[in-house]
There are 2 protein chains.
Amino acid sequence: MPVGLTEQEIERVDELVGTRRKVARGMPLYLSGESFQSLFAIRTGFFKTEVVSEDGREQVTGFQMAGELMGLDGIGTGQHNCDARALEDSEVCVIPFNRLSELSREIDTLQHHFHKVMSREIVRDQSVMMLLGTMRAEERLAAFLVNLSQRFVSRGYSATEFNLRMTREEIGSYLGLKLETVSRGLSRLQDEGLLSVSNKNIRIHKLDDLKKAMSPRC
Amino acid sequence: MPVGLTEQEIERVDELVGTRRKVARGMPLYLSGESFQSLFAIRTGFFKTEVVSEDGREQVTGFQMAGELMGLDGIGTGQHNCDARALEDSEVCVIPFNRLSELSREIDTLQHHFHKVMSREIVRDQSVMMLLGTMRAEERLAAFLVNLSQRFVSRGYSATEFNLRMTREEIGSYLGLKLETVSRGLSRLQDEGLLSVSNKNIRIHKLDDLKKAMSPRC
DNA sequence: ACCGCGCATTGATCAACGTCAATAATGAGC
DNA sequence: GCTCATTATTGACGTTGATCAATGCGCGGT
């Protein structure tokens with residue numbers, strides 16, 4: 001993943017990425033409480049991460065797609081702090097964390113890259129906090145769809161047509177809304193002509209207006 | 001901060017912490033957009049961090065007290081992504097990030113400690129996401145006060161009596177509530193006999209019940 | 001291909017929280 | 001110590017999104 005490495009360094013980073021692991025749709029990659037040993041880089045597929053609080057509340061904390069790194073939350077305690085579950089048949093690279101630590105002591109580009117990835121995860125979480133703390137239901141939905149669109153396009157897929165891999169309930173959990181509110185919100189965005197929804201298929205007609213819909217109404 | 005270092009290592013970590021800096025109440029430690037150079041460890045005082053979105057929305061993303069580290073969000077982009085502002089006259093240690101990087105390549109205890117701190121920040125942010133996404137107003141307030149209480153007690157202060165350094169509006173921003181709702185919530189917790197509020201002074205009478213108030217009603 | 005269950009949509013009602021407003025209390029600065 | 005601006009409290013009312021409920025649809029699994 002990092003750039004600017006010598007041939008030899010690239011080789012060593014390659015062998016760091018030990019094994020691959022397939023995860024069938026619905027199956028966990030790891031569960032909260034399990035001992036943390038490795039990070040996981042998604043090769044193909046789609047995941048959700050979910051935290052469960054002591055009193056039984058559940059919340060989806062993120063959706064991860066190809067190229068993204070999972071498991072960073074486990075470093076602090078040595079145990080995973082959330083469940084990671086595949087939303088479709090997926091494959092990940094297993095990155096043993098102690099080997100990553102060693103190697104990043106020798107290759108400073110790798111070290112720097114790793115620190116940046118962690119930092120960006122913090123910034124991402126803070127923008128979700130902002131979404132949950134200040135946005136209204138329809139704004140949250142618009143922000144969610146625009147974010148997905150951007151991530152798809154940066155992977156070479158269409159910015160304006162894609163399939164949701166998650167249910168309305170999972171979207172709602174992520175956005176701090178009930179599934180009915182998600183459904184109504186999508187219908188409303190459709191009525192406004194910004195997009196078409198057919199089950200999990202989304203076609204965005206007016207991406208600019210959808211971005212505007214992230215801001216407070218008129 | 002890390003433990004288990006040799007004499008010599010401790011010395012080197014000490015000289016890593018270059019200078020100290022005082023920040024008067026209300027003054028910024030750093031602002032969003034400023035070039036990121038250093039992390040800051042709080043020696044004394046109290047801070048808030050606040051993000052401002054493009055469309056002008058503001059949200060307090062955290063309150064930091066002595067011993068806590070600030071600035072991690074800047075590593076990813078090389079620019080600070082939030083404003084950090086002192087809520088009372090404060091003093092911080094300036095930790096130049098490139099020197100920390102170098103030193104953590106040589107002292108693996110330091111490296112590991114730093115990774116843990118970043119990871120815990122991610123976990124903390126996720127628990128705030130859960131608070132914002134699933135809790136009701138009074139539950140959020142209870143969780144906020146219990147969290148403050150725990151952090152005070154771990155610093156040797158009273159778990160049951162302390163002064164809030166922030167306004168109702170700042171609490172509300174952090175908890176995704178309006179200041180009136182915060183005020184009403186505190187009054188309600190007082191009516192229920194769980195605590196006494198007198199402006200910024202909080203006395204918790206029933207810490208156990210306050211913890212229970214974090215869970216869904218009855 | 002079919003079946004059945006999970007998922008989605010939509011409506012009606014309600015509670016929680018936001019908004020607007022008026023007043024009171026505090027404390028920072030002179 | 002006084003004053004004024006900031007902060008906090010409380011009430012009345014409005015809006016948003018949750019809840020409860022009923023129906024329809026689609027897709028995964030056999």
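Hydrogens, waters and symmetry mates play no part in the numbers below; they use all other heavy atoms, side chains included. First the proteins, then the strands, lettered A, B, ... as listed; each starts at 1.
- Proximity of B:Arg188 to B:Glu192: side-chain heavy atoms (C-beta onward) are separated by under 4.5 Å at one or more points.
- Heavy-atom distances under 4.0 Å link DNA chain C to no residue of residues 52-64 of chain A.
- Atom CD of B:Glu139 is separated from atom P of D:dA18 by 14 Å (rounded to the nearest Å).
- Between A:Ala137 and B:Lys200, it is B:Lys200 whose nearest contact on DNA chain D lies nearer the 5' terminus.
- The CD-P distance, from A:Glu88 to D:dC27, rounds to 15 Å in whole Å.
- Look at CE on A:Met135: it is 18 Å from C1' on C:dG18, rounded to the nearest Å.
- Classification of A:Lys22 and A:Glu91 as a salt-bridged pair fails, no side-chain N sitting under 4.0 Å from a carboxylate O.
- With contacts defined as side-chain heavy-atom distances shorter than 4.5 Å, the pair B:Ser32/B:Val51 does not qualify.
- Taking the six-membered ring for Trp and the full ring otherwise, B:Phe63 and B:Tyr174 have centroids separated by under 6.0 Å.
- The shortest side-chain heavy-atom distance between A:Glu170 and A:Ser173 does not fall under the 4.5 Å cut-off.
- If you measure from atom CG of A:Asn199 to atom P of C:dG6, you get 16 Å, rounded to the nearest angstrom.
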Which is it for A:Asn81 and A:Thr77 under the side chain to side chain donor-acceptor pair (under 3.5 Å) test, yes or no, and what are the steps along the way?
-> CA-CA 8 Å; A:Asn81 283 279; A:Thr77 57; 3.1 Å; yes
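- In this structure, CG of B:Leu141 is placed 14 Å from C1' of C:dA16, rounded to the nearest angstrom.
- Look at A:Arg184 and A:Glu180 and you find no salt bridge, because none of the NZ, NE, NH1 or NH2 atoms lies under 4.0 Å from a carboxylate O.
- For the pair B:Glu138 CD and C:dA15 P, the interatomic distance rounds to 17 Å; values are reported in whole Å.
- Checking side-chain atoms of A:Ser90 against main-chain N and O of A:Glu88 turns up a donor-acceptor pair under 3.5 Å.
- Between the side chain of A:Ser149 and the backbone N or O of A:Ala159, at least one donor-acceptor pair lies under 3.5 Å.
- Within residues 161-170 of chain A, the residues having any heavy atom under 4.0 Å from DNA chain C are, by residue number, A:Thr167, A:Arg168.
- Within residues 175-188 of chain B, the residues having any heavy atom closer than 4.0 Å to DNA chain D are, in order of number, B:Leu179, B:Glu180, B:Ser183, B:Arg184, B:Ser187.
- Two rings, from A:Tyr30 and A:Phe36, have their centers 6.0 Å or more apart.
- Salt-bridge formation is not detected for the pair B:Lys178/B:Glu169: no Lys NZ or Arg NE/NH1/NH2 atom is positioned less than 4.0 Å from an Asp or Glu carboxylate oxygen.
- Between B:Arg25 atom CZ and C:dG27 atom C1' the separation is 9 Å, expressed in whole Å.
- Atom CG in B:Asp191 sits about 12 Å away from atom C1' in D:dT9, given to the nearest Å.
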